[in-house]
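What follows is a single structure, written as structure tokens, with notes after it.
Just so it is clear, the model here is predicted, and its values are computed rather than measured. Residue numbering restarts at 1 for every chain, and letters A, B, ... go by the order of the sequence lines.
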2 protein chains.
Amino acid sequence: MTRTRLSEPTKTATSGSIAQALSLAIHEHRILPGTKLVEDELAEIYGVSRTVIRAALHSLSHIQLVEIRRNKGASVASPSLVEAHEVFEARELLEPRTAHSAAHFATPADIARLERHIEDEHAALEAADPGRALYLSGLFHNDIAHIANQSTIAGFIETLVARSSLIIALYWRRESALCEKHAHHALVKAIEDKNEKQAEELMRSHLVDLHSALDLKKRSGRVLSLKDALSQ
Amino acid sequence: MTRTRLSEPTKTATSGSIAQALSLAIHEHRILPGTKLVEDELAEIYGVSRTVIRAALHSLSHIQLVEIRRNKGASVASPSLVEAHEVFEARELLEPRTAHSAAHFATPADIARLERHIEDEHAALEAADPGRALYLSGLFHNDIAHIANQSTIAGFIETLVARSSLIIALYWRRESALCEKHAHHALVKAIEDKNEKQAEELMRSHLVDLHSALDLKKRSGRVLSLKDALSQ
DNA sequence: AAAACTTGTATTGTATACAATTATGTGATC
DNA sequence: GATCACATAATTGTATACAATACAAGTTTT
């Protein structure tokens, strides 16, 4: 996954790049669950036809980041509490295993990248940008899945991490995500030490911790205009 | 071009129904890995425009049943041996857990449905229709995943089962699938008895057995014409 | 006033036209 | 005979036009 390019406007938006941009905006909570995603509006914003927008929306709907109802259009998905628990239960099943394998396969370059993720995440929190911190936190988990060298499972985890971002927007009750910093640090340490069993156990407890931080009732969310939310 | 009004309940083919029809054809090995899927040809067969076909192909590409390369079009996916092993490793991670939960949640109606699947599968083998038997065998696994009441994980398993069908087309070396009959029967028995631990263990050993039946080198496959393969 | 109908607008679904790209075949050259 | 160049066909990518559906507001009817 490459970082978003900044200022060159000549980038002809393709359905993939638009899906990625929308996905990032959802990850960072610039557009919240329930927001209607109107095809014409998005086509205008990205300077392409509805055809391309439709492809992007459909690909996001497949990973359940957006929900498409026939003749009703697309909106950012709004997982139920049951789905929320399911997502975290699935993560608790998959990710400890990937942490185990990651501890086996990780190279020094991998370790360095993971540590950079943690630093960036911390910097985003310092800069009062919790949305970006959340996104980076997701990248951290995805990166571990890829290091584990199981691309099929890594693909599943990517969708689970993405949906987790929606869930956090709806059900999160904890004030800061700072507590995660130590958990992530300890995890990297275990992976660096090639302590597979410990990495697995740290990942498991980390996820249980996140899962327990879900609230029981939905939060209300104000919805910004798409133009504003997608202007970067 | 006018649509086919000749037949009675002319189910206006939608992208979903077309995706399902193609998926079934792939499951049943009527169209084999590597087969080119030309949009115009499919549009002609199903009596819709390319727009609808494209949506169907894209949705199949998301679950990796078909592979789409830009400007090159779609073809039935042809997983590498590495991917094949990954798919089965993922199944070995997920499905024992669902078997465990299924044993917990299964109702008598669920048991009856599972047993019907086994019978149908056996009947298909008797009728010398191994493709259909394979499809039904996949349904059996999907059904267990749904009984386990974890729709997120069930969704993952569905894609893994689908890809397994491609893998079997490419790498299967066993003559008959009859051996599975006993495995499936024993599994249902354990679920019926609500013996969670045994169900989990039977599922694990069943999957290890399947995994071990993969050959190391690809088989060559003859490709039929799409019109013939999709005529049902 | 409440319910049902009507009409107008916004939005999505599908087909089609055209542009861009890739694949194919033919002949010239060595 | 092999290989390259180039023209032609086949196929995919994108935009747009139009049809179908849903949504909202106002009007009529009871």
Side-chain angles (χ1 to χ4, degrees), chain A residues 9-22 31 33-62 64-78 223-227 229-230, chain B residues 1-7 9-22 31 34-62 64-78 223-227 229-230:
Chain A
T10 44
K11 188 174 87 174
T12 52
T14 173
S15 79
S17 72
I18 292 172
Q20 201 172 331
L22 281 171
I31 46 183
T35 307
K36 186 82 197 295
L37 299 170
V38 178
E39 296 177 358
D40 272 326
E41 202 172 345
L42 292 169
E44 175 80 16
I45 290 173
Y46 290 107
V48 296
S49 79
R50 280 175 52 214
T51 309
V52 181
I53 299 295
R54 281 175 78 84
L57 290 176
H58 274 93
S59 93
L60 291 178
S61 92
H62 181 261
Q64 290 173 284
L65 268 186
V66 319
E67 186 182 14
I68 295 181
R69 280 164 4 211
R70 187 175 177 83
N71 290 324
K72 298 287 195 64
S75 41
V76 179
S78 189
V223 172
L224 299 180
S225 87
L226 276 187
K227 267 205 307 290
L230 298 173
Chain B
M1 165 177 307
T2 60
R3 260 214 303 281
T4 60
R5 300 208 186 91
L6 16 127
S7 298
T10 314
K11 198 173 64 177
T12 51
T14 174
S15 78
S17 71
I18 292 172
Q20 201 173 334
L22 282 171
I31 45 184
T35 308
K36 186 84 196 297
L37 299 170
V38 178
E39 297 179 357
D40 272 326
E41 203 171 345
L42 292 169
E44 175 79 17
I45 290 173
Y46 291 107
V48 295
S49 79
R50 281 176 51 214
T51 308
V52 180
I53 298 296
R54 281 175 77 83
L57 291 175
H58 274 94
S59 92
L60 290 177
S61 89
H62 285 137
Q64 300 182 81
L65 268 185
V66 320
E67 187 181 14
I68 295 182
R69 280 165 6 217
R70 186 175 177 84
N71 290 324
K72 298 288 192 66
S75 42
V76 179
S78 190
V223 173
L224 299 179
S225 86
L226 277 187
K227 266 204 306 291
L230 298 173

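Between B:L57 atom CG and D:dT12 atom P the separation is 9 Å, expressed in whole Å. Atom OH of B:Y46 is separated from atom C1' of C:dT14 by 18 Å (rounded to the nearest Å). If you measure from atom CZ of B:R69 to atom C1' of D:dG13, you get 16 Å, rounded to the nearest angstrom. When the P atom of C:dT12 is taken as reference, atom NZ of A:K36 falls 5 Å away, rounded to whole Å. Distance B:E41 CD to D:dA10 P: 13 Å, rounded to the nearest Å. Rounded to whole angstrom, the span from the CD atom of B:E44 across to the P atom of C:dA15 amounts to 13 Å. Taking atom CD1 on B:I68 and atom C1' on D:dT11, their separation rounds to 14 Å, with Å as the unit. One can place NE2 of B:H58 at 16 Å from P of C:dG13, the figure rounded to the nearest angstrom.
Counting heavy atoms from C-beta on, the side chains of B:V52 and B:T14 never come closer than 4.5 Å. The closest side-chain heavy-atom distance from A:I31 to A:L22 is below 4.5 Å. At a threshold of 4.5 Å between non-hydrogen side-chain atoms, the residues B:L60 and B:I68 do not count as touching. Side chains of A:I18 and A:L42 form no contact here, defined as non-hydrogen atoms less than 4.5 Å apart. Side-chain contact between A:V76 and A:L65: absent, with no pair of heavy atoms (C-beta onward) separated by less than 4.5 Å.
When the side-chain nitrogen and oxygen atoms of A:S49 are compared with OP1 and OP2 of D:dA15, one or more of them lie within a distance under 4.0 Å. In terms of phosphate contacts, A:R54 brings a side-chain nitrogen or oxygen within less than 4.0 Å of OP1 or OP2 of C:dG13. Distances shorter than 4.0 Å separate some side-chain N or O of A:R70 from OP1 or OP2 on C:dT14.
Candidate nucleotides D:dA15, C:dG13, D:dT11 were compared by shortest atom distance to the side chain of A:N71, and C:dG13 ranks first.
Projected onto DNA chain D by closest heavy-atom contact, B:E39 and B:T51 fall at different nucleotides, the more 5' of which corresponds to B:E39. Nearest-nucleotide mapping onto DNA chain D: of A:R50 and A:S15, the residue sitting toward the 5' end is A:S15.
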